Number of protein chains: 2
Amino acid sequence: MSHSPHSNTAHVILGLLDGRPRTGYEIKQTVDTSTRFFWAASYGQIYPELRRLRDAGLVESERDDTGGRKRSVHRLTPAGREALRAWLAEPAAATEYRDEKLLKLFFSASAVEDVTAGTAVLRAHAEEHAETAARLRELEPKLIAAGNPYQLAVLRYGIRQNDAGARHCEEAVRAIENPGAEESA
Amino acid sequence: MSHSPHSNTAHVILGLLDGRPRTGYEIKQTVDTSTRFFWAASYGQIYPELRRLRDAGLVESERDDTGGRKRSVHRLTPAGREALRAWLAEPAAATEYRDEKLLKLFFSASAVEDVTAGTAVLRAHAEEHAETAARLRELEPKLIAAGNPYQLAVLRYGIRQNDAGARHCEEAVRAIENPGAEESA
DNA sequence: TACGACATGTAACCAGTTACATGATTTA
DNA sequence: TAAATCATGTAACTGGTTACATGTCGTA
């Protein structure tokens, strides 16, 4: 059962550095345009974590002050690569979701006199799903070109889930606005 | 922009107490069989939060020691009902997902010599989705009978997302195991 | 009589966000 | 010359989990 002694933020960093060496700033940029829709990371995590990874010997950092800007480029050590592979081989913990919109929707029957509150939440939910799906679709061609089937699988997973989510919310609005069609398979 | 001064755990409690008065223990049981798949809560949150809600005048607690067991039954005050409605009327924050399985899948190309690691993660993901969907399906008849279209919408949303997730993972396994069919729409 | 469910709570910890502080370089 | 971007970091806070501590009641 013993799982990796490193946080998932550490694994994001190790995974990205396995691609190529990067600065902390570049790690943040890359996260924001790739893993962000299922795993975000802030500077407040990245920099301290890089420090810990360095102390643990999993990354090494090279100072690169050419041009006057002081920056540290981090790269994986063999131990870091090993830690990444070990983590990949372990089973993942069961996913815990926390979705505030679902929470609101779940209790929307309590909105008594304000009957539109529930459908408003649903419409907002539909729109958020549609926007996310659109944003992810823009990334698709680049990933197809890159030829990484895993990253492509993740992206398409996101696209499908959001498409399905948007459709479902629209249907639910219709179902709530005209009750009576209350059965189905 | 100003949002509710209460945590989402507080809203879960308020929402459940709007149904009927409950003990902290009952709140936990109900969460575990209803909101849990998109919003969990532990005793370590529930009891301190009940205390805060009582101090804020949103719930009142009645001691009920009949039978020797000491228990507190909590009920919404008018102010509590008002706080619940106010929260429902506000737009929800954008949903932030954290999915460790997607993270692992995303970096599975780094598993080099262990080519089965990626598909193993996918199969585990498919299975988790299928189990969740099955568990949610069991709850459906009860909710249909209860006649709350919002709770039903949430449940069906969960069922669909998990069905779609399971299907997607199975397809992705096939796609990775026999490459060459690498194009599509 | 032991075990499982009922019942309440606290303390230590962990992961993550936000706001702050600082400063150089590039570009409009 | 002002604004955006590159670049690094810390401190305070928030939300949540886990483990612990305690005790009753019903039932197999």
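Hydrogens, waters and symmetry mates play no part in the numbers below; they use all other heavy atoms, side chains included. To find a chain, count down the sequence lines: A is the first, B the second, and so on, and within it residues start at 1. Only a predicted model underlies this, so the values are computations on that prediction, with no experimental measurement involved.
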Taking atom C1' of C:dT10 as reference, at what distance in whole Å does atom CD of B:Glu49 sit?
16 Å
Starting at atom CD of B:Glu96, determine the distance to atom C1' of C:dT18, rounded to an integer number of angstrom.
13 Å
Residue whose closest nucleotide on DNA chain C lies nearer the 5' end, B:Gly24 versus A:Tyr43:
B:Gly24
note: A:Asp65, atom CG; C:dT25, atom P; distance rounded to Å ~ 10 Å
Base, sugar-phosphate, or nothing: which does B:Ser42 touch, judged by heavy atoms less than 4.0 Å apart?
base
Which one, C:dG16, C:dA7, D:dT5, comes nearest to the side chain of A:Trp39?
C:dG16
Consider the side chain of B:Glu26, meaning its heavy atoms from C-beta on, and name the nucleotide among D:dT10, C:dA7, D:dT8 that approaches it most closely.
C:dA7
Of the nucleotides C:dG16, C:dA7, D:dG16, which has the atom closest to the B:Thr9 side chain?
D:dG16
A:Glu127 with A:Lys101: basic N within carboxylate O range, under 4.0 Å
no
Protein-nucleotide distance (B:Arg63, atom CZ; D:dT24, atom P), rounded to Å
14 Å
Any idea which of C:dG16, D:dG9, C:dA7 is nearest the A:Tyr47 side chain?
D:dG9
Given the options A:Gln161, A:Glu140, A:Gln151, A:Arg156 meets side-chain hydrogen bond (donor to acceptor under 3.5 Å, both in side chains) only with A:Glu140
Choosing from C:dA7, C:dT17, D:dC6, which nucleotide comes nearest the side chain of B:Thr23?
C:dA7
Considering only C:dT17, C:dT25, D:dT17, which nucleotide approaches the side chain of A:Arg69 most closely?
C:dT25
Comparing nearest nucleotides in DNA chain D, the 5'-proximal residue of the pair A:Arg51, B:Ala41 is A:Arg51
CZ of A:Arg36 versus P of C:dG16: gap in Å, rounded?
14 Å
Can you tell me if the side-chain N/O atoms of A:Gln45 get under 4.0 Å from OP1 or OP2 in C:dT17?
yes
Can you tell me the distance, in whole Å, between the CG atom of B:Leu50 and the C1' atom of C:dG9?
11 Å
Candidate nucleotides D:dT8, C:dG16, C:dA7, ranked by approach to the side chain of B:Arg98 - the nearest
C:dG16
Rounded to the Å, how far apart are A:Arg54 CZ and D:dT8 P?
10 Å
Using a heavy-atom cut-off of under 4.0 Å over every strand shown, decide if A:Gly44 touches base, sugar-phosphate, or nothing.
base
Of the listed C:dG16, C:dT8, C:dT10, the closest approach to the B:Pro48 side chain comes from C:dT10
Donor-acceptor pair between A:Gln45 and A:Thr9 side chains, under 3.5 angstrom:
yes
Reckon A:Tyr25 has a side-chain N or O less than 4.0 Å from the OP1 or OP2 of D:dT8?
no
Could you walk me through whether A:Phe38 and A:Tyr157 satisfy the ring pair (Phe, Tyr, Trp, His ring centres under 6.0 Å) test, starting with their C-alpha distance in whole Å, then the side-chain angles of each, then the deciding distance to 0.1 Å, before giving a yes or no?
CA-CA 11 Å; A:Phe38 61 91; A:Tyr157 178 87; 9.0 Å; no
Please determine whether a side-chain nitrogen of the Lys or Arg among B:Arg137 and B:Asp163 lies less than 4.0 Å from a carboxylate oxygen of the Asp or Glu.
yes
Could you tell me if A:Thr23 and A:Arg71 have a donor-acceptor pair between their side chains, going purely by distance under 3.5 Å?
no
Grab the CD-C1' distance between B:Glu100 and C:dG16 for me, whole Å please.
15 Å
